[in-house]
Every structure is written in structure tokens, then in C-alpha cells.
Amino acid sequence: MLNIKNFFVKVFYPTLLNFSNKRIGKRLYIIFIILFGVLLINKTLEKDKLFNDYDGIRNVINADASGYYVYLPAFFIYNFKTNNFPDSISQHSGNGFTLNNNKVKSKYPLGVAIAYTPFFLTAHLLADNKNGFSPPYHRAARIAGVFYCILGLIFCFLLFSQYVNYLIAFVSLIPLFYGTNLIYFTLLEPVYSHVLSFCLIAGFILCLHYVKINKNRWCKWLLPLFLGFIISVRMTNGIVIFLIPFWNIKRFKDIIEYPKRIIKDYKYTLYFVFAVFIFILPQIIYNYYLTGHIVVKPYPDEHFSNLAHPQWKLVLYGAFNGLYIYTPVFIIFTLCNFIAIQEKFKNGILILICFLAVTFTYASWSAPALGCSFGHRGFLDYLSLFSFPFVLSLDYLIKRKKWILFLIITIAVFLCCNFTMGIYKFWWYCFYGNGDFDYSYLINEYLKWNP
């Protein structure tokens with residue numbers, strides 16, 4: 001009689017594997033991801049129905065989000081004339097922007113507004129109250145958040161499937177959504193920059209992979225567009241440019257060789273600079289409108305005040321948004337990164353260096369926990385990168401038939417996702433414990449909602 005293990009090893013998994021290696025399988029998996037997006041749109045619109053008004057802290061165009069969003073009504077409806085805005089709209093939107101001295105002032109970059117423009121214009125076409133802040137605009141923002149989340153997941157699937165079979169690439173998306181704060185920023189805070197950054201960085205790395213293996217030459221032309229878009233959304237994320245010479249390197253001289261190839265192709269170099277500049281240009285124009293200077297400090301009241309004593313513990317382990325506390329699946333991602341280095345998987349050392357660099361950047365910031373949010377949102381931008389060793393590790397364990405270790409990791413991932421979803425169910429805005437490391441507050445809140 002065939003036992004469960006033999007059935008899985010000899011029948012079930014090989015059948016799925018054969019299916020996943022067929023071209024039609026790739027398209028079906030993408031269709032599954034899109035159908036999941038339809039379910040998410042339905043879910044986020046159901047949440048929108050819970051609001052009787054849109055002035056509260058729980059609406060999606062509030063606080064920081066309103067600062068990212070305000071450029072759209074300011075440009076398309078009010079011509080940047082503050083007197084034309086609805087009364088007290090800044091206060092109703094959580095003071096993410098200000099309307100002073102006939103200037104629409106926001107400290108947040110323009111990239112999110114650029115990405116959300118088609119959704120805003122659609123809402124504007126359908127809205128009865130065309131003031132830029134009525135219910136249709138909020139619903140359009142919610143749909144936009146789901147769109148970029150799903151597009152980012154498709155980019156991740158296509159990237160992962162270049163290194164592992166389609167089945168593993170597809171299944172690996174589950175902890176990316178349910179085990180991290182991607183679900184929170186997709187459904188509850190879609191106008192923040194993080195879901196969009198996740199999407200763009202995943203697309204950038206996918207294009208970079210194709211460029212490095214000399215396939216799909218159109219990716220060569222998309223690469224600088226992704227980079228420019230990434231910078232326009234969040235300037236510090238421009239560090240992904242350093243992935244270009246290091247991704248998939250086999251020899252040390254490859255680090256120099258690829259940048260040299262780009263520089264020698266002067267036409268492409270000019271296009272690269274121009275493509276990036278096009279995405280930065282709206283910000284330059286806005287800076288000049290606001291201050292008379294083309295370059296201004298993006299966050300004037302915030303800076304890297306913790307450079308001498310970076311707050312590593314707060315970023316990784318703090319009860320106030322600690323990465324490993326709210327999204328423990330990142331612990332598994334990190335452990336798999338060490339497996340990747342030990343087994344000499346591609347890009348293992350590079351990804352660990354990137355993880356340390358991002359951690360140090362936020363640990364040095366004046367607000368290391370990044371304020372009210374669900375988990376440390378800064379790492380969400382790089383989710384496709386930091387989860388990459390996890391995907392390769394799953395493939396490695398299956399190919400080597402290390403089923404016990406594979407089962408342990410699977411159970412651990414399930415528990416981590418379940419824990420994160422437990423917090424997500426009761427989390428509504430911010431941490432209110434006594435101090436950054438008040439774990440008792442978090443535990444009590446978790447147990448209260450998960451008896």
C-alpha cells in the first residue's frame with residue numbers, strides 16, 4: 001500500500017512539477033494571481049463600505065497618505081490654487097499636507113501620485129462630487145493599491161520562475177502576502193508608497209535578470225524607466241542601482257565588465273540618464289514652485305540623527321514595529337539567506353549585504369520605527385529581494401529530498417503567517433505600549449483577539 005510520503009514524492013509532486021514546467025502552466029498561474037486580485041478588490045471595497053464619512057483616521061487618504069495624494073487634486077482640479085480647495089480639507093486629511101500662502105505644501109515625493117493618476121482620472125470621470133476627496137476617489141485609491149500589489153506579485157512570480165519551477169515560484173507568493181505587512185498596506189494603507197515600491201523594485205530586478213542573461217532586449221529599455229520611477233516614489237530606494245553590476249555575477253571582473261558595456265554604448269547611456277531624469281522632472285518643477293529652488297531637503301524636520309548609535313534592536317526586535325516581531329517570516333527569510341551563502345546560491349552574499357544596508361539606513365534615521373504602521377514598513381519595498389533566498393532554499397530542499405527540513409520550514413512559515421494575520425486582524429493604526437519594547441502590551445492585545 002502506498003503511504004502518504006511515497007504518494008507525495010512519487011506521484012503528487014512530480015505531477016505538479018511536470019505541469020508547472022509547461023508553458024501553459026505559467027499562464028495559468030498568472031491567471032490565478034489575477035483572480036486573487038479580483039478577490040482583493042472585492043475585499044477592499046467591502047472595507048470601504050464601513051465608512052459613513054471620509055474624515056476619520058481610518059480612511060485611506062489620511063496623514064502621510066494624503067501628502068502623497070494631494071498632488072492629484074491640486075494639479076487636475078484646483079490648479080494648485082489653495083483658495084479653491086474644500087474648507088479644512090487639510091485637517092480632515094490628517095494634516096499630511098498644508099495649504100499656506102497660496103502654496104500646496106507636501107514633503108512627500110510625487111511618484112505615488114504619478115502611478116495613481118489613471119485611477120484618479122477614472123474616479124474623477126465617474127464622481128458626482130468632483131472635489132478630489134469624495135468616496136469615488138477613495139475607492140479608486142484602494143483599487144490602485146490592489147493593482148500594484150498584484151502586479152508586484154506577478155513580477156515576483158516571473159522572477160522566481162527564472163530560478164525554480166513554476167509551482168515553487170507560485171507557492172512562495174503565499175508567505176509574501178500573508179506573512180508580511182503587504183496585506184496591511186494593500187488593503188488598509190494603499191496610498192502609502194510601500195506597495196508601489198514593492199511592485200517597482202520587483203519589476204526592476206526582473207528586468208535586470210533578463211538584461212544580464214541577454215534575453216528580452218526590451219527589458220534593457222525598461223530598466224532605467226523602473227529606476228527613475230523608483231526614485232520618484234522614494235529617493236532612498238534608488239540604491240537598487242547598485243544591484244546592476246552585482247546581480248548574478250560569476251566572476252569578480254563581471255562587476256566592472258557590465259558597467260563598462262553600458263558606458264561604451266553612449267546612446268544607451270544618454271537614454272538611461274534621460275529616462276531617469278523624466279521621472280525626476282515633476283519633483284524638480286514642484287520644488288521650484290514651492291521654494292524657488294530645484295533641489296530641496298525632502299524631509300526637513302527629519303534626518304539621520306542616529307548614525308553614531310544606530311537603533312538596530314528597535315528596527316528588528318522592537319515591540320514598536322519590529323521587523324521580526326510583527327512579521328516573523330522574515331526570520332525564515334534571513335535564515336534561508338545564510339543557507340544560500342553556505343550552499344553558494346546566486347546572489348546570497350549580495351542580498352545579505354542589501355539587508356544589512358537597509359537595516360542600517362532605518363536604524364540611523366531619526367524615527368527608526370517609521371511611526372504608526374503595522375510592522376516595519378521600510379522592508380516591504382524590498383520584499384522581492386529579501387524573499388529570494390527563501391525561494392531558492394525551498395527548491396534546494398526538494399531537489400535534495402530533504403523532506404524533514406522542508407516540512408519543518410513549511411510548518412514554521414505557516415505558524416509565522418498565522419501569527420502575523422492574528423495581529424493584522426486587530427491592528428488598526430498604531431502601537432500604544434509603554435515604551436518601544438513593551439512586549440506585554442502586544443501580547444495582551446494579541447491574546448485578547450486570539451483566545
Side-chain angles (χ1 to χ4, degrees), residues 152 155-164 168-169 172 175-176 180 197-215 219-220 222-224 226-227 230-231 234-263 272 310 312 315-316 323-324 327 329-364 376 378-397:
F155 286 152
C156 286
F157 169 74
L158 294 175
L159 173 66
F160 298 158
S161 64
Q162 297 298 310
Y163 298 86
V164 302
I168 295 176
S172 298
L176 264 65
T180 71
S197 291
F198 154 70
C199 172
L200 294 175
I201 291 176
F204 175 85
I205 298 173
L206 175 64
C207 276
L208 179 57
H209 167 81
Y210 282 130
V211 169
K212 283 297 189 79
I213 63 175
N214 295 317
K215 282 188 177 181
C219 276
K220 174 182 177 180
L222 284 179
L223 193 66
F226 271 113
L227 179 62
I230 288 167
I231 294 173
R234 199 172 186 86
M235 187 171 293
T236 54
N237 286 348
I239 62 173
V240 297
I241 194 174
F242 294 109
L243 293 177
I244 294 177
F246 292 99
W247 189 258
N248 280 354
I249 61 168
K250 297 179 180 178
R251 303 163 299 173
F252 180 77
K253 69 176 186 178
D254 292 342
I255 300 173
I256 308 296
E257 184 177 318
Y258 188 74
K260 280 174 64 177
R261 264 196 299 165
I262 293 179
I263 294 173
F272 198 104
W312 300 85
V315 170
L316 296 178
L323 177 70
Y324 291 150
T327 54
V329 75
F330 266 94
I331 299 175
I332 298 175
F333 291 168
T334 304
L335 291 175
C336 287
N337 203 160
F338 288 109
I339 294 176
I341 294 173
Q342 175 67 28
E343 300 299 330
K344 298 181 179 179
F345 297 161
K346 287 184 177 180
N347 305 306
I349 295 177
L350 172 63
I351 292 172
L352 180 61
I353 291 173
C354 290
F355 180 77
L356 294 174
V358 171
T359 305
F360 177 76
T361 299
Y362 286 111
S364 303
H376 203 290
F379 290 85
L380 175 57
D381 303 13
Y382 303 90
L383 184 56
S384 57
L385 184 66
F386 296 150
S387 61
F388 188 71
F390 166 72
V391 178
L392 297 184
S393 297
L394 288 184
D395 184 62
Y396 168 79
L397 293 175

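Everything numeric in this text was worked out from a predicted model, so none of it was measured.
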Give, for atom [atom1] of [X] and atom [atom2] of [Y], the distance between the pair rounded to the nearest 0.5 Å.
| X | Y | atom1 | atom2 | result |
| --- | --- | --- | --- | --- |
| Leu394 | Ile168 | CG | CD1 | 6.5 Å |
| Leu383 | Thr327 | CG | OG1 | 9.5 Å |
| Ile205 | Leu200 | CD1 | CG | 11.5 Å |
| Lys346 | Phe388 | NZ | CZ | 8.0 Å |

[X] vs [Y] side-chain heavy atoms within contact, under 4.5 Å:
| X | Y | value |
| --- | --- | --- |
| Thr180 | Phe198 | no |
| Asn347 | Leu392 | no |
| Tyr362 | Leu316 | no |
| Phe272 | Leu227 | yes |
| Phe155 | Ile201 | no |
| Phe160 | Ser387 | yes |

[X] to [Y] - nearest heavy-atom pair and separation:
| X | Y | answer |
| --- | --- | --- |
| Leu385 | Cys354 | CD2-CB, 3.8 Å |
| Leu176 | Cys156 | CD2-SG, 4.0 Å |
| Pro245 | Ile241 | CD-O, 3.7 Å |
| Trp312 | Ala363 | N-CB, 3.8 Å |
| Pro175 | Val329 | CB-CG2, 4.1 Å |

> Does the side-chain contact (heavy atoms from CB on, under 4.5 Å) test come out yes or no for Phe242 and Leu350, once each step is laid out?
Replying inline: CA-CA 10 Å; Phe242 294 109; Leu350 172 63; over 6 Å; no
>> Within a 6.0 Å radius of atom CG on Leu222, are there more than 12 heavy atoms belonging to other residues, nucleotides or ligands?
In response: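 Result for CG/Leu222: enclosed.
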>> For Leu206 and Ser384: C-alpha separation, side-chain torsions, deciding distance, then whether side-chain contact (heavy atoms from CB on, under 4.5 Å) applies.
In response: CA-CA 10 Å; Leu206 175 64; Ser384 57; over 6 Å; no
>> Just to verify, what does Tyr163 make a side chain to side chain donor-acceptor pair (under 3.5 Å) with, not counting sequence neighbours?
In response: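 Residues passing side chain to side chain donor-acceptor pair (under 3.5 Å) with Tyr163: His209, Trp247, Asn248.
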> Are Val240 and Tyr382 close enough, and set up right, to give a side-chain contact (heavy atoms from CB on, under 4.5 Å), and what steps lead you there?
Replying inline: CA-CA 9 Å; Val240 297; Tyr382 303 90; 4.0 Å; yes
Output side-chain donor-acceptor pairs under 3.5 Å for residues 331-345, partner residues at least two apart or in another chain, one line each.
| residue | atom | partner | partner atom | Å |
| --- | --- | --- | --- | --- |
| Thr334 | OG1 | Tyr324 | OH | 2.8 |
| Thr334 | OG1 | Phe330 | O | 2.8 |
| Asn337 | OD1 | Leu352 | N | 3.3 |
| Asn337 | ND2 | Gly348 | O | 2.9 |
| Glu343 | OE1 | Tyr396 | OH | 3.3 |
| Glu343 | OE2 | Tyr396 | OH | 3.4 |

> Do Phe379 and Phe355 make the cut of ring centroids closer than 6.0 angstrom?
Replying inline: yes
